[in-house]
**Student:** 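Okay, here's the structure, questions in a sec.
It should be emphasised that the depicted structure is a prediction, and the values quoted were computed from it without experimental measurement.
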Amino acid sequence: MGLKTERTIVITGASTGIGKSCALHLDNIGFKVFAGVRKEADGENLQTEASDRLVPLILDVTDENSIHKAAEIVKTETDGMLFGLINNAGIGRGGALEVTPLTEIRKVLEVNVIDLMEVTKAFIPMLRKGKGRIINIGSTSSLLAFPGASAYSASKFAVRAITDSLRLELKPFGILVILIAPGAVESEIWDKGKAYKEQMRKSVDPELSVLYQSLRKFGDRLNEEVKKIPAKEVAKVVTDALNSTKPKPYYLVGNDVKGAAIAAKLPRGLLDWIILKRIQKLGK
């Protein structure tokens, strides 16, 4: 399949990780990329690695005014026609529900779900005109919910549900909607997650800390053992989804997420037993 060059793409969360890799890869193969960043300095850093086609776009998904201002800029620059929106921006927060502050739970759901929907709403008219594509970035937690990640799993299951709903809702307009679910990816998000956990654990009641000790150790061991893939691997799959004349509804990237997809089909009682046994083993 030939590359669809000179198509315009908007990517959220392009400062680091998957978003940055997608922005640079798509720019390198000829797409016009509006790379959503929150800080001008991040945009300047991106430009040092990109061609003149890549345009940093101040786009803070948590700020309604920022979203609509960014949409107006893209509309003006493209005559209101957009080929692709990649909803990549998101945050990761883990922890047992009992010890997770409600403010953090709200933040995860706001950023990963509500803000994603608001960004999508703002760009649908342009995607309709361009008969474009929406790519939502999910995760292993879009397929399988692990203990200690109820808020994050809820948000990523929601991203999958939004994708399924919009795929049918927008098909009559020629807009294709796709979920790309990567497993563990090499990214700064791991350092941010570690810092968050360390900070949160300092504030946890000592008695609760003891009660959830096995779950905590399980999570730490899992993070250490999982094999992380380069973000470029996700960027290549994003490119396939953009270029395919008949893209798949879901793309799974990485052995861990493919394993999770298989596990999710097991009888629920058996799956629960396997996960609890794993916690018991790794949590020692």
**Student:** Give the C-alpha distance, both sets of side-chain angles, the deciding distance and a yes or no for side-chain contact (heavy atoms from CB on, under 4.5 Å) between Leu215 and Ile279.
**Tutor:** CA-CA 6 Å; Leu215 184 60; Ile279 291 173; 4.0 Å; yes
**Student:** Backbone N or O of Leu166 within a donor-acceptor pair of the Lys171 side chain at under 3.5 Å?
**Tutor:** no
**Student:** Can you name the residues that form a side chain to side chain contact (heavy atoms under 4.5 Å, CB included) with Lys236, not counting sequence neighbours?
**Tutor:**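 Checked Lys236 against side chain to side chain contact (heavy atoms under 4.5 Å, CB included); matches are His25, Lys232, Glu233.
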**Student:** Quick one: does Ser141's side chain have a donor or acceptor within less than 3.5 Å of a partner on Tyr152's backbone?
**Tutor:**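 The answer is no, because no donor-acceptor pair under 3.5 Å joins these two groups.
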**Student:** Measuring from atom SG of Cys22 to atom CG of Asp27, what distance do you get when rounded to the nearest 0.5 angstrom?
**Tutor:**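 If I round to the nearest 0.5 Å, the distance is 12.5 Å.
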**Student:** Classify the side-chain pair Ser155/Arg93 by whether it contains a donor and acceptor separated by less than 3.5 Å.
**Tutor:** no
**Student:** Can you confirm whether Leu109 sits close enough to Ile114 that some side-chain heavy atom of one is under 4.5 Å from a side-chain heavy atom of the other?
**Tutor:** no
**Student:** Does a side-chain heavy-atom distance below 4.5 Å link Leu208 with Glu98?
**Tutor:** yes
**Student:** Using the salt bridge (Lys or Arg N to Asp or Glu O under 4.0 Å) rule, collect all pairs that involve residues 247-275, keeping only residues at least two apart or in two chains.
**Tutor:**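 For residues 247-275: Arg268-Asp272.
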**Student:** According to side chain to side chain contact (heavy atoms under 4.5 Å, CB included), who are the partners of Ile274, at least two apart in sequence or on a separate chain?
**Tutor:**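 Ile274 satisfies side chain to side chain contact (heavy atoms under 4.5 Å, CB included) with Leu266, Leu270 once adjacent residues are dropped.
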**Student:** Please check: side-chain N/O of Ser153 versus main-chain N/O of Ser150, any donor-acceptor pairing under 3.5 Å?
**Tutor:** no
**Student:** Give a yes or no on whether a salt bridge exists between Lys39 and Asp42, defined as a side-chain N under 4.0 angstrom from a carboxylate O.
**Tutor:** no
**Student:** Can you find a heavy atom in the side chain of Pro249 that is under 4.5 Å from one in the side chain of Leu179?
**Tutor:**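 Heavy-atom side-chain distance check fails, nothing below 4.5 Å.
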**Student:** So how far is it from Lys217 NZ to Gln280 CD, rounded to the nearest 0.5 Å?
**Tutor:** 13.0 Å
**Student:** Check for a donor-acceptor pair, side chain of Thr120 on one end and backbone N or O of Leu116 on the other, with a separation under 3.5 Å.
**Tutor:**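 Yes; at least one donor-acceptor contact below 3.5 Å.
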**Student:** Can you tell me how far apart CG (Leu176) and CG (Leu127) are? Round to the nearest 0.5 Å.
**Tutor:** 10.5 Å
**Student:** Anything under 30° is parallel, anything over 60° is perpendicular, the rest tilted; go ahead and classify Phe31 against Phe83.
**Tutor:** parallel
**Student:** For Thr163 and Ile178, what are the C-alpha separation, side-chain angles and deciding distance, and is it a side-chain contact (heavy atoms from CB on, under 4.5 Å)?
**Tutor:** CA-CA 6 Å; Thr163 303; Ile178 301 150; 5.7 Å; no
**Student:** Between Thr100 (side chain) and Ala96 (backbone), is there a donor-acceptor pair under 3.5 Å?
**Tutor:** yes
**Student:** Can you check side-chain contact (heavy atoms from CB on, under 4.5 Å) on Thr78 and Phe34, steps first, answer last?
**Tutor:** CA-CA 11 Å; Thr78 64; Phe34 284 92; 4.0 Å; yes
**Student:** Can you tell if the side chain of Phe173 reaches within under 4.5 Å of the side chain of Lys131, non-hydrogen atoms only?
**Tutor:** no
**Student:** Within this structure, what is the NZ-CG distance for the pair Lys32 and Leu26, rounded to the nearest 0.5 Å?
**Tutor:**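 If we round to the nearest 0.5 Å, Lys32:NZ and Leu26:CG are 13.5 Å apart.
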**Student:** Run the salt bridge (charged side-chain N to carboxylate O under 4.0 Å, His left out) check on Asp164 and Arg167 step by step: do they pass?
**Tutor:** CA-CA 5 Å; Asp164 287 344; Arg167 189 172 59 252; 2.9 Å; yes
**Student:** Which pair of heavy atoms, one from Ala261 and one from Leu143, lies closest together, and at what distance?
**Tutor:**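 In this case the closest contact between Ala261 and Leu143 is CB-CD1, 4.0 Å.
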**Student:** To the nearest 0.5 Å, tell me how far Thr12 OG1 sits from Asn88 CG.
**Tutor:**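 Interatomic distance, Thr12 OG1 to Asn88 CG, rounded to 0.5 Å: 5.5 Å.
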**Student:** So, is the end of the Arg160 side chain (NZ or CZ) under 6.0 Å from the ring centre of Phe157 and within 45° of the ring's axis?
**Tutor:** yes
**Student:** Can you confirm whether Ile67 sits close enough to Leu59 that some side-chain heavy atom of one is under 4.5 Å from a side-chain heavy atom of the other?
**Tutor:** yes
**Student:** Determine, step by step, whether Arg216 and Ser209 satisfy the side-chain hydrogen bond (donor to acceptor under 3.5 Å, both in side chains) criterion, reporting the C-alpha distance in whole Å, the side-chain angles of both residues, the deciding distance to 0.1 Å, and the verdict.
**Tutor:** CA-CA 9 Å; Arg216 185 177 68 247; Ser209 183; 3.2 Å; yes
**Student:** How long is the span from the CD1 atom in Ile137 to the CD1 atom in Ile11, to the nearest 0.5 Å?
**Tutor:**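 Taking CD1 in Ile137 and CD1 in Ile11, the distance rounds to 9.0 Å.
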**Student:** Of all heavy-atom pairs between Ile58 and Ser66, which one has the smallest distance, and what is that distance?
**Tutor:**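 In this case the closest contact between Ile58 and Ser66 is O-OG, 3.7 Å.
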**Student:** Under a 4.5 Å cut-off applied to non-hydrogen side-chain atoms, are Pro182 and Ile18 in contact?
**Tutor:** yes
**Student:** Side-chain contact, heavy-atom cut-off 4.5 Å: Val253 with Ile229?
**Tutor:**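 SC-SC contact between Val253 and Ile229 confirmed.
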**Student:** For residues Leu85 and Ile135, determine if any side-chain heavy atom of one lies less than 4.5 Å from a side-chain heavy atom of the other.
**Tutor:**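 Result no, sub-4.5 Å side-chain heavy-atom pair not found.
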**Student:** Any donor and acceptor pair, going by atom type alone, linking the side chain of Ser142 with main-chain N or O of Ser139 inside 3.5 Å?
**Tutor:** yes
**Student:** Mind checking what makes side-chain hydrogen bond (donor to acceptor under 3.5 Å, both in side chains) contact with Tyr251, not counting sequence neighbours?
**Tutor:** none
**Student:** As a quick check of understanding, evaluate side-chain contact (heavy atoms from CB on, under 4.5 Å) for Arg133 and Val177, giving each step before the final call.
**Tutor:** CA-CA 6 Å; Arg133 307 177 178 202; Val177 187; over 6 Å; no
**Student:** Scan for salt bridge (Lys or Arg N to Asp or Glu O under 4.0 Å) pairs involving residues 13-24, sequence neighbours excluded, and state none if there are none.
**Tutor:** Lys20-Glu49
**Student:** Taking salt bridge (Lys or Arg N to Asp or Glu O under 4.0 Å) as the cut-off, I'd like each qualifying pair that reaches into residues 105-125, sequence neighbours left out, listed once.
**Tutor:** Glu104-Lys107
**Student:** Under 3.5 Å, is there a donor-acceptor pair between the side chain of Asp63 and the main chain of Asn65?
**Tutor:** yes
**Student:** Any side-chain donor-acceptor pair under 3.5 Å between Ser51 and Asn28?
**Tutor:**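 Ser51 vs Asn28: no donor-acceptor pair found between side chains.
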